[in-house]
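To find a chain, count down the sequence lines: A is the first, B the second, and so on, and within it residues start at 1.
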Number of protein chains: 2
Amino acid sequence: MIDESHDPRTNLLLAALPDAEWLRWQSQIEAVDMPLGQVLCESGRTLSHVYFPTTAIVSLLYVMENGASAEIAVVGNEGIVGISLFMGGESTTSRTVVQSAGQGFRLKAKVMKDEFDRAGPVLHLLLRYTQALITQMSQTAVCNRHHSLDQQLCRWLLLSLDRLQGDELNMTQELIANMLGVRREGVTESALNLQRAGLIRYARGHIKILDREGLEQRSCECYEVVREEYRRLLPSTPAR
Amino acid sequence: MIDESHDPRTNLLLAALPDAEWLRWQSQIEAVDMPLGQVLCESGRTLSHVYFPTTAIVSLLYVMENGASAEIAVVGNEGIVGISLFMGGESTTSRTVVQSAGQGFRLKAKVMKDEFDRAGPVLHLLLRYTQALITQMSQTAVCNRHHSLDQQLCRWLLLSLDRLQGDELNMTQELIANMLGVRREGVTESALNLQRAGLIRYARGHIKILDREGLEQRSCECYEVVREEYRRLLPSTPAR
DNA sequence: GCCGATACGTGCGTCAGCGCACAGACGCGG
DNA sequence: CCGCGTCTGTGCGCTGACGCACGTATCGGC
């Protein structure tokens, strides 16, 4: 069941499991492909599994009545998708969708709940992760209120980058616009700014980061705050 | 220690405790006054207590480097202040401040943690509350992105109203502006709109709600979503 | 090597919210 | 009842983002 070329413990939560739990989980865990755009869970629906992305990135996206949307938070190899399962609510008001194709692992809902209810290290690990996620959501709220699109785009690129290996993203501006909850044209303009400044280069849905330092400079404080909080709360953070 | 005229179980989480836990807590719980503007916990600091507001309202406020601020969520008699204590992070990136003066109860951090770690009904109750709070934060992010100040003001008034008894608020427009993360003049204008429409009446920091129906109509969907989620996740919600 | 689909660029009028500056208006203490 | 501080109203120029419309470039497939 476990593919050699694809180590579950690339996911940092899985990596942080004590040996005892890891042994139990190994037989239950299942590798999955996560293609771009896949909806893991529709808003208001109950999850069948929790997901541990390894190379994929997942967005928590709120879709409004009129169709407009906004990303609430993003989950990569540092986290888990489906916290509502152990938080007790079963469902969320947001949609869970794969923002960057890749792989991950999943665990049946029932198994996850049982593990959580052992009230041991798994519980504490997951709750600390949840708090980090809460910080990310808070910061998203603040950022939406106060920062320019340029700054937000930087933050978003950096958050995505931290959850991938390498310095490239596959993302159309249209998609980014959906995530940020802004116009596609706005993203075009901001991306142009960044490109002109020599920070990124892109073409047809492929973005290459040229100057990460520069992006961090140009980003709002939100990125650093979130990153620092993940570092503080979790065993280790995605490689820079 | 317990003041007759002030029933702890006005707080809905306390009210939802099973008898066994309630008996244990009764001797530990302490009544506190919560004056307007009191900072229960500064961002990044560790809480000494968790708070259960009864008649007070508390805001989770993020204050940026440049001094601008934005409310992340609001907690009243339906909730608890200090979730980071049991989530495991000890501190939050946001400041906790009393937005509407009133009373509440508190419990020492250590006691709270021990109770949580019993991994019984208290844990599940608090986690469900936390998920409701997460929904509120998400919705704040979305609302900040997409909705007009008029709509947001309605949402904010309604959320506050749900956490108080009666139909009056004591709140200057300046304060509301800080919470919403907008200009004071903007609030003046929106408040005027609502007043002209006959929905509210106010003067010098005192707001009276005249037409709650109307406020709900004029509000964005965010209010209803949050309220519905609180209803779904928690034993009972603040009286309407 | 052409064609359609997809991705990106640009221009233009509009508007909500910002920053600033200042003017009434109410209310409390001396 | 006078005066000062607080709260609220208003005007004005500015800017970032919006909605819409259309132009251009690049890719993949037949």
Side-chain angles (χ1 to χ4, degrees), chain A residues 36-37 64 66-71 99-101 141-157 168-197 200-208 218 220, chain B residues 36-37 64 66-71 99-101 141-157 168-197 200-208 218 220:
Chain A
L36 177 64
M64 300 198 317
N66 66 12
S69 62
E71 189 181 78
Q99 177 210 98
S100 174
V142 172
C143 202
N144 282 352
R145 166 62 70 205
H146 288 292
H147 297 134
S148 73
L149 186 41
D150 273 40
Q151 292 178 305
Q152 294 186 42
L153 180 58
C154 289
R155 171 182 65 91
W156 193 89
L157 288 173
E168 316 210 345
L169 307 176
N170 284 303
M171 278 273 107
T172 67
Q173 302 186 348
E174 174 90 44
L175 243 159
I176 298 179
N178 282 333
M179 299 298 167
L180 292 180
V182 298
R183 284 189 318 158
R184 198 263 315 160
E185 294 91 322
V187 174
T188 299
E189 208 176 316
S190 285
L192 265 177
N193 290 339
L194 300 186
Q195 179 154 269
R196 279 194 278 258
I200 64 174
R201 211 184 46 207
Y202 64 90
R204 295 187 72 72
H206 187 84
I207 307 179
K208 185 169 175 65
R218 204 173 182 119
C220 44
Chain B
L36 177 63
M64 300 200 316
N66 67 12
S69 62
E71 189 181 79
Q99 178 210 98
S100 174
V142 172
C143 202
N144 282 352
R145 166 63 70 205
H146 288 292
H147 298 133
S148 73
L149 186 42
D150 272 41
Q151 292 178 306
Q152 293 186 43
L153 180 57
C154 290
R155 172 184 62 92
W156 192 89
L157 289 173
E168 315 209 347
L169 306 176
N170 284 303
M171 278 272 108
T172 67
Q173 301 185 350
E174 175 89 43
L175 241 160
I176 298 179
N178 282 333
M179 299 298 168
L180 292 180
V182 298
R183 285 188 318 158
R184 196 265 313 159
E185 294 91 324
V187 174
T188 298
E189 206 176 318
S190 285
L192 266 177
N193 290 340
L194 299 187
Q195 180 155 267
R196 279 194 279 260
I200 64 174
R201 210 183 46 205
Y202 63 92
R204 295 184 74 71
H206 187 85
I207 308 178
K208 185 169 174 65
R218 205 173 181 117
C220 43

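For B:Arg204, taking side-chain heavy atoms from C-beta onward, the closest of the listed nucleotides C:dG9, C:dC26, C:dA7 is C:dC26. Listed nucleotides C:dT10, D:dT8, D:dA17 differ in distance to A:Leu192; the shortest reach to its side chain belongs to C:dT10. Counting only heavy atoms from C-beta on, A:Ser148 has its side chain closest to D:dA17 among D:dA17, D:dT8, C:dT10.
A donor-acceptor pair is defined here as one N or O able to donate and one able to accept, closer than 3.5 Å; no such pair exists between the side chain of B:Asn144 and the backbone of A:Asn144.
Atom pair B:Gln195:CD and D:dG9:P shows a separation of 7 Å (rounding to whole Å applied). Across the protein-nucleic acid pair, A:His146 atom NE2 and D:dG16 atom P stand 17 Å apart, rounded to whole Å. In this structure, CD of A:Gln152 is placed 15 Å from C1' of D:dC18, rounded to the nearest angstrom. Rounded to whole angstrom, the span from the CG atom of A:Leu36 across to the C1' atom of C:dT6 amounts to 14 Å. One interatomic measurement links the two molecules: CD of B:Glu189 to P of C:dG19, which rounds to 15 Å at whole-angstrom precision. C:dC8 atom C1' lies 12 Å from atom CD1 of A:Ile207, rounded to whole Å. At whole-Å resolution of the value, CG in A:Asn193 and C1' in C:dC8 are 14 Å apart. Atom CZ in A:Arg201 sits about 16 Å away from atom C1' in D:dT26, given to the nearest Å.
Within the model, atoms CG of B:Leu153 and CD1 of B:Ile200 stand 6.5 Å from one another, a figure rounded to the nearest 0.5 Å. The distance from the NE2 atom of A:His146 to the OG atom of B:Ser69 is 6.0 Å, given to the nearest 0.5 Å. For the atom pair CZ (A:Arg201) and CD (A:Glu168), the distance works out to 8.5 Å, reported to the nearest 0.5 Å. Atom CG of A:Leu36 is separated from atom CG of A:Asn170 by 9.0 Å, given to the nearest 0.5 angstrom. Atom NE2 of A:His206 is separated from atom CE of A:Met171 by 12.5 Å, given to the nearest 0.5 angstrom.
OP1 or OP2 of D:dG9 has at least one side-chain nitrogen or oxygen of B:Tyr202 nearer than 4.0 Å.
Judged by closest nucleotide on DNA chain C, A:Ala203 is the one of A:Arg145 and A:Ala203 placed further toward the 5' end.
For the segment residues 173-184 of chain A, residues with any heavy atom less than 4.0 angstrom from an atom of DNA chain C are, sorted by number, A:Gln173, A:Arg184.
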Taking only distance into account, with no hydrogens and no angle test, what donor-acceptor pairs under 3.5 Å do side-chain atoms of residues 173-186 of chain A form with protein atoms, sequence neighbours excluded?
unit_1   : atom_1 : unit_2   : atom_2 : d
A:Gln173 : OE1    : A:Thr188 : OG1    : 2.7
A:Gln173 : NE2    : A:Tyr202 : OH     : 3.4
A:Arg184 : NH1    : A:Thr188 : OG1    : 3.1

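Taking five base pairs at each end of the helix from C:dG1-D:dC30 to C:dG30-D:dC1, the local helix axes there meet at an angle of 30°, rounded to 10°.
Residues A:Arg155 and A:His147 form no side-chain contact, since every pair of their non-hydrogen atoms from C-beta on lies 4.5 Å or further apart. Side-chain contact check for B:Gln152 versus A:Arg145: some heavy-atom pair is nearer than 4.5 Å.
Judged by atom type and distance alone, B:Glu185 reaches the base of C:dC20 through a side-chain donor-acceptor pair under 3.5 Å.
As judged by a 4.0 angstrom heavy-atom cut-off over every strand, A:Gly205 is placed among residues touching the sugar-phosphate backbone only.
Around CD of B:Glu189, the count of heavy atoms belonging to other residues, nucleotides or ligands within 6.0 Å does not exceed 12.
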